[in-house]
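What follows is one structure encoded as structure tokens, with my remarks underneath.
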Amino acid sequence: MKYLDKYWNYYVGIFVIFMFVKPALSFLLLGLMIFLKSLDYFIFLKNIKKTGAYTEGKIISYKADSDGHKQPYIQYKTREGESFVEKPFYYATTDLSIFKTYNDKIDQKISIIYDKNIPNRIIIESETNFNNFSLIFMLLIGFLFCLISVLSLLGYIEMNL
């Protein structure tokens, strides 16, 4: 999905143009972006569970993103002895993370899985079920957007904005 990240501005421009010309195409583009990005993360999670290396890490801090959702920063060593401090490559949060302090989790040891080829890509082993659930939910939303827009383009439903 490097193309989605690389050409993000063009996708937004096309989205805005379609919004005025044919809203169903804009809806289709949005659904495809959500679906493809979620599928990319889902495939990554499946592959890292199969081929990744397991190690123990320590949560050293939690930092809030632009929306206030907190993500852990984890210190760990690879099997080769390289030391990293990274946040998980994919980490699903809830709105409760805005209010929680997570002070009780600092310095806690956790099991992580890192990509052997790109060792700064990690996931928290205990969070894989929730991550999978959030990605399946996003895949369904993307599919629903695509379905609604295709039905609109075929004339089965009418989309008025």
Side-chain angles (χ1 to χ4, degrees), residues 1-16 26-149:
M1 290 285 60
K2 61 184 174 190
Y3 296 111
L4 189 59
D5 296 333
K6 185 175 181 181
Y7 299 110
W8 180 252
N9 293 333
Y10 297 111
Y11 293 125
V12 171
I14 292 169
F15 176 83
V16 170
S26 184
F27 213 58
L28 178 64
L29 183 63
L30 180 63
L32 282 173
M33 285 192 295
I34 292 170
F35 185 83
L36 292 175
K37 193 65 173 177
S38 299
L39 185 63
D40 186 43
Y41 279 124
F42 192 76
I43 291 169
F44 170 78
L45 287 179
K46 290 298 177 193
N47 287 340
I48 200 168
K49 288 265 309 175
K50 288 179 187 173
T51 62
Y54 290 75
T55 189
E56 193 172 84
K58 181 173 74 168
I59 299 174
I60 58 169
S61 69
Y62 276 84
K63 294 185 183 172
D65 62 10
S66 60
D67 294 332
H69 296 99
K70 295 178 183 78
Q71 292 189 19
Y73 278 77
I74 302 165
Q75 182 180 33
Y76 63 99
K77 280 189 177 183
T78 64
R79 291 180 182 167
E80 292 76 26
E82 294 179 89
S83 186
F84 291 93
V85 175
E86 294 290 335
K87 66 180 182 177
F89 185 69
Y90 182 81
Y91 184 75
T93 62
T94 64
D95 285 341
L96 290 176
S97 74
I98 296 172
F99 303 109
K100 291 177 78 175
T101 62
Y102 294 107
N103 287 336
D104 58 326
K105 305 242 185 223
I106 304 293
D107 292 330
Q108 182 179 2
K109 294 197 182 283
I110 56 169
S111 179
I112 63 165
I113 309 169
Y114 67 90
D115 188 338
K116 292 176 187 174
N117 299 324
I118 309 169
N120 64 342
R121 285 187 173 183
I122 63 169
I123 61 168
I124 300 172
E125 185 180 13
S126 62
E127 295 286 328
T128 53
N129 288 336
F130 185 66
N131 288 342
N132 285 334
F133 170 76
S134 69
L135 287 172
I136 290 170
F137 183 71
M138 291 306 293
L139 283 167
L140 290 174
I141 288 174
F143 177 75
L144 184 66
F145 278 25
C146 291
L147 179 66
I148 290 170
S149 62

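Contact of the Tyr76 side chain with the Glu86 side chain is registered, since non-hydrogen atoms from C-beta on lie closer than 4.5 Å. With a 4.5 Å cut-off on side-chain heavy atoms, Ser126 and Ile110 do not count as touching. Within the 4.5 Å cutoff, the side chain of Leu45 has no heavy atoms near those of the Lys49 side chain. Using a 4.5 Å heavy-atom threshold, the side chains of Val85 and Ile60 count as touching.
With values rounded to the nearest 0.5 angstrom, Ile113 atom CD1 is found 6.5 Å from Ile48 atom CD1. To the nearest 0.5 angstrom, Ile123 atom CD1 is 10.5 Å from Ile74 atom CD1. The NZ atom of Lys63 sits 10.0 Å away from the NZ atom of Lys87 when rounded to the nearest 0.5 Å. Rounded to the nearest 0.5 angstrom, Gln71 CD and Asp65 CG are separated by 6.0 Å. To the nearest 0.5 Å, atom CD1 of residue Ile141 and atom SG of residue Cys146 are 12.0 Å apart. Atom CG in Asn117 sits 10.5 Å away from atom CG in Asn47 (nearest 0.5 Å).
The backbone N or O of Phe15 lies less than 3.5 Å from a partner atom in the side chain of Ser26, making a donor-acceptor pair.
Both tests hold for Arg121 against Phe44: distance to the six-membered ring centre under 6.0 Å, angle to the ring axis within 45°.
Closest approach of Phe145 and Gly31 over heavy atoms only: CB-CA, 3.5 Å. In terms of heavy-atom proximity, Tyr114 sits nearest to Arg79 at OH-N, 2.9 Å.
In this structure, the ring of Tyr73 has its center no less than 6.0 angstrom from the ring center of Tyr62.
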Contacts table for residues 132-140: side-chain donor-acceptor under 3.5 angstrom, sequence neighbours left out:
unit_1 : atom_1 : unit_2 : atom_2 : d
Asn132 : ND2    : Thr128 : O      : 3.3
Ser134 : OG     : Tyr90  : OH     : 2.8
Ser134 : OG     : Asn131 : O      : 2.8

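Within the structure, side chain to side chain donor-acceptor pair (under 3.5 Å) pairs that include any residue of residues 50-60 do not occur (at least two apart or interchain).
With Tyr41 as the partner, the ring-ring contact (aromatic ring centres under 6.0 Å, His included) test is satisfied by one option alone out of Phe89, Phe35, Tyr91: Phe89.
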